Structure formats: C-alpha cells, structure tokens
Amino acid sequence: MSPFKDKYPDIQFEFISDNRFVDIVAKGSDAGIRFGSDVAEDMVAVCISQPMKMAVVATADYFQKKGFPSTIQELTQHQCIGYRLSNGHLFQWKFKYSGQIIKITPQGQWILNDDYPTLVAAKMGLGIAYLPEELIAKELANGQLIRILNEYSYTFPPLYLYYPHRNISSALRVVVNTLRV
C-alpha cells in the first residue's frame, strides 16, 4: 500500500477488522476482504493475495521448558495461544494429515482476537501460536520463533476484495486494479 499512498494521496482508507461475515452494503462500506471467493450473488470478488500458509510456532525458550510436540494431538498437552472469533467461539487450528483436514481447538491460558497480539504473545514465550507464515517470516528467519509440525501445515485460500456489482467509484476502481493479483 505504500506506493499507493504516494500515487493517490486523495483516496482515504478506513480499515475495520472484523472476523465475521459483514453485509458491507448495510454497513455503508465500499468493499470488504475475506478468504476465498465465495461471496453473495450481487458481489464481485477479486483475488488480492496468494494462498495463506499457516505455521505453528513458539520460542526456543518455550520449547526448552515444555518440550516439542511431535504430533498434532500432542498440541493438546501444551499452552496454545487461542484466537477468539466474533461469534464467541475459539478459532480451530487446521492441519492436513494423510489427505484429511484435522482440526483442533487450542487450549491455553491466553486467548486473543488479532494476529498481531498473538505474535507478540508468542515472542514473549507465552505459548504456541498458529499464525500466517507471511506474518512471521522475519521472526522465523532471525530465530525468534521456531516452527514445528510444518509437514502438516494448512493453507487457506487467497484473500479476496469483494464489492457490490454496480457502478463503482473511480477511487475503488483504482484500489481494485492496484491490489489485484
């Protein structure tokens, strides 16, 4: 978005983070972002990212004290940092094992509702986190976090920008054309 702000300084953005399905028309928003292209019939979906591979990570200190889980099931014996969804449920961690999707509901002392605080909690050694690989690339590269169970990593579909199928503003058209993958 950095080159965008310099090229189009008059376009104003307001980002509202919400992990539930929102009727963007009723909310008065121009567009929304979600995983996958499954949107209402009257919406247009435009791919704006690559698929999102997830990673299970913690600090070396955490693993030194608690040990390394070697299976998905062993995660239930560890302090996992949970993610609370807007509907009140805990986000289930997904894994691929022998062609099947395995889900676990993480258990632990810490439950957050955003990836960035989850990353901070993991870096503090508070437990094992389930985060997008892209978000933690720097921490993996510099050794702040250690990845485990990589062979079972789940990949979510790409992010899509979606908007009503109607005449859109020139500003939204610029955004769509800039973000399109």
Side-chain angles (χ1 to χ4, degrees), residues 1 13-24 27 29 32-39 47-162 181:
M1 297 299 292
F13 288 91
E14 179 178 353
F15 291 98
I16 300 168
S17 179
D18 198 337
N19 59 29
R20 61 189 162 130
F21 291 110
V22 175
D23 181 345
I24 61 169
K27 291 280 188 187
S29 299
I33 296 175
R34 70 165 41 140
F35 285 113
S37 60
D38 186 21
V39 295
C47 186
I48 61 169
S49 80
Q50 299 301 317
M52 192 174 302
K53 189 172 185 180
M54 300 302 289
V56 179
V57 297
T59 61
D61 185 54
Y62 175 86
F63 289 129
Q64 184 178 18
K65 291 176 183 171
K66 305 289 185 178
F68 285 88
S70 58
T71 67
I72 297 166
Q73 291 72 23
E74 286 180 18
L75 287 170
T76 61
Q77 301 164 18
H78 283 265
Q79 286 291 324
C80 294
I81 302 168
Y83 187 104
R84 177 82 61 200
L85 299 169
S86 295
N87 65 10
H89 295 109
L90 283 177
F91 178 75
Q92 291 185 315
W93 295 5
K94 292 183 180 182
F95 300 91
K96 285 176 69 172
Y97 179 75
S98 297
Q100 302 278 352
I101 302 298
I102 307 293
K103 297 178 184 178
I104 68 156
T105 301
Q107 301 298 313
Q109 185 177 8
W110 301 96
I111 300 172
L112 305 162
N113 69 348
D114 189 271
D115 284 343
Y116 291 98
T118 301
L119 172 58
V120 170
K123 287 173 25 178
M124 291 173 63
L126 300 180
I128 299 174
Y130 183 78
L131 291 163
E133 183 179 76
E134 188 175 322
L135 178 66
I136 57 169
K138 182 180 84 175
E139 287 79 4
L140 291 173
N142 69 22
Q144 279 185 289
L145 293 175
I146 296 171
R147 184 177 195 162
I148 59 167
L149 304 173
N150 189 34
E151 64 273 24
Y152 308 116
S153 291
Y154 183 80
T155 301
F156 283 96
L159 291 172
Y160 282 78
L161 178 83
Y162 66 101
V181 173

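Here the structure is a predicted model, which means the values were calculated and not measured.
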Could you note down all residue pairs passing salt bridge (charged side-chain N to carboxylate O under 4.0 Å, His left out) where [range] supplies at least one of them, sequence neighbours left out?
| range | value |
| --- | --- |
| residues 110-119 | none |
| residues 117-130 | Lys123-Glu139 |
| residues 63-73 | Asp61-Lys65 |

Problem set entry | Steps toward side-chain contact (heavy atoms from CB on, under 4.5 Å) verdict (Arg34, Val39) | CA-CA 9 Å; Arg34 70 165 41 140; Val39 295; 3.7 Å; yes
Testing the basics here: between [X] and [Y], what is the closest heavy-atom pair and its distance to 0.1 Å?
| X | Y | result |
| --- | --- | --- |
| Ile48 | Val181 | C-CG2, 3.0 Å |
| Pro69 | Leu149 | O-CD2, 3.9 Å |
| Leu75 | Val56 | CD2-CG1, 4.2 Å |
| Ala58 | Gly127 | CB-O, 3.6 Å |
| Tyr97 | Ile102 | CB-CG1, 3.8 Å |

- Should Thr76 and Thr105 be marked as a side-chain contact (heavy atoms from CB on, under 4.5 Å) after you check the CA-CA gap, both sets of side-chain angles, and the distance that decides it? CA-CA 8 Å; Thr76 61; Thr105 301; over 6 Å; no
What pairs with Phe68 under ring pair (Phe, Tyr, Trp, His ring centres under 6.0 Å), at least two apart in sequence or on another chain?
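Phe68 satisfies ring pair (Phe, Tyr, Trp, His ring centres under 6.0 Å) with Phe63 only.
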**Request:** Could you list the residues that satisfy ring pair (Phe, Tyr, Trp, His ring centres under 6.0 Å) with Tyr162, not counting sequence neighbours?
**Result:**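 Applying ring pair (Phe, Tyr, Trp, His ring centres under 6.0 Å) to Tyr162 gives none.
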Can you check whether [X] reaches [Y] side chain to side chain, under 4.5 Å on heavy atoms?
| X | Y | result |
| --- | --- | --- |
| Pro106 | Ile81 | no |
| Met52 | Pro132 | yes |
| Ile146 | Leu140 | no |
| Gln109 | Leu126 | no |

Listed partners of Leu85 passing side chain to side chain contact (heavy atoms under 4.5 Å, CB included), at least two apart
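Per chain and number, Leu85 pairs via side chain to side chain contact (heavy atoms under 4.5 Å, CB included) with Asn19, Tyr83, Asn87, Phe91.
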Check your understanding: Is the backbone of Gly82 close enough, under 3.5 Å, to the side chain of Tyr130 for a donor and an acceptor to pair up by distance?
Key -> no
Are more than 12 heavy atoms, taken from residues, nucleotides or ligands other than Phe156, located less than 6.0 Å from that residue's CZ atom? yes
Please enumerate all residues that pass side chain to side chain donor-acceptor pair (under 3.5 Å) together with [X], with sequence neighbours excluded.
| X | answer |
| --- | --- |
| Tyr160 | none |
| Gln144 | Asn142 |
| Arg84 | none |
| Glu74 | Ser70 |

Audit row: Tyr116, Leu135, side-chain contact (heavy atoms from CB on, under 4.5 Å) steps and yes/no: CA-CA 9 Å; Tyr116 291 98; Leu135 178 66; 3.2 Å; yes
May I have all residue pairs that pass side-chain hydrogen bond (donor to acceptor under 3.5 Å, both in side chains) and include part of residues 48-59, sequence neighbours excluded?
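For residues 48-59, and leaving out neighbouring residues, there are no side-chain hydrogen bond (donor to acceptor under 3.5 Å, both in side chains) pairs at all.
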_Test side-chain contact (heavy atoms from CB on, under 4.5 Å) on Ile128 and Trp93; report intermediate values, then the result._
CA-CA 12 Å; Ile128 299 174; Trp93 295 5; 4.2 Å; yes
Taking the ring of Phe95 and the ring of Tyr154, is the distance between their centroids below 6.0 Å?
no
Kindly write out the residues that satisfy salt bridge (Lys or Arg N to Asp or Glu O under 4.0 Å) with Glu133, not counting sequence neighbours, or none if the list is empty.
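Arg147.
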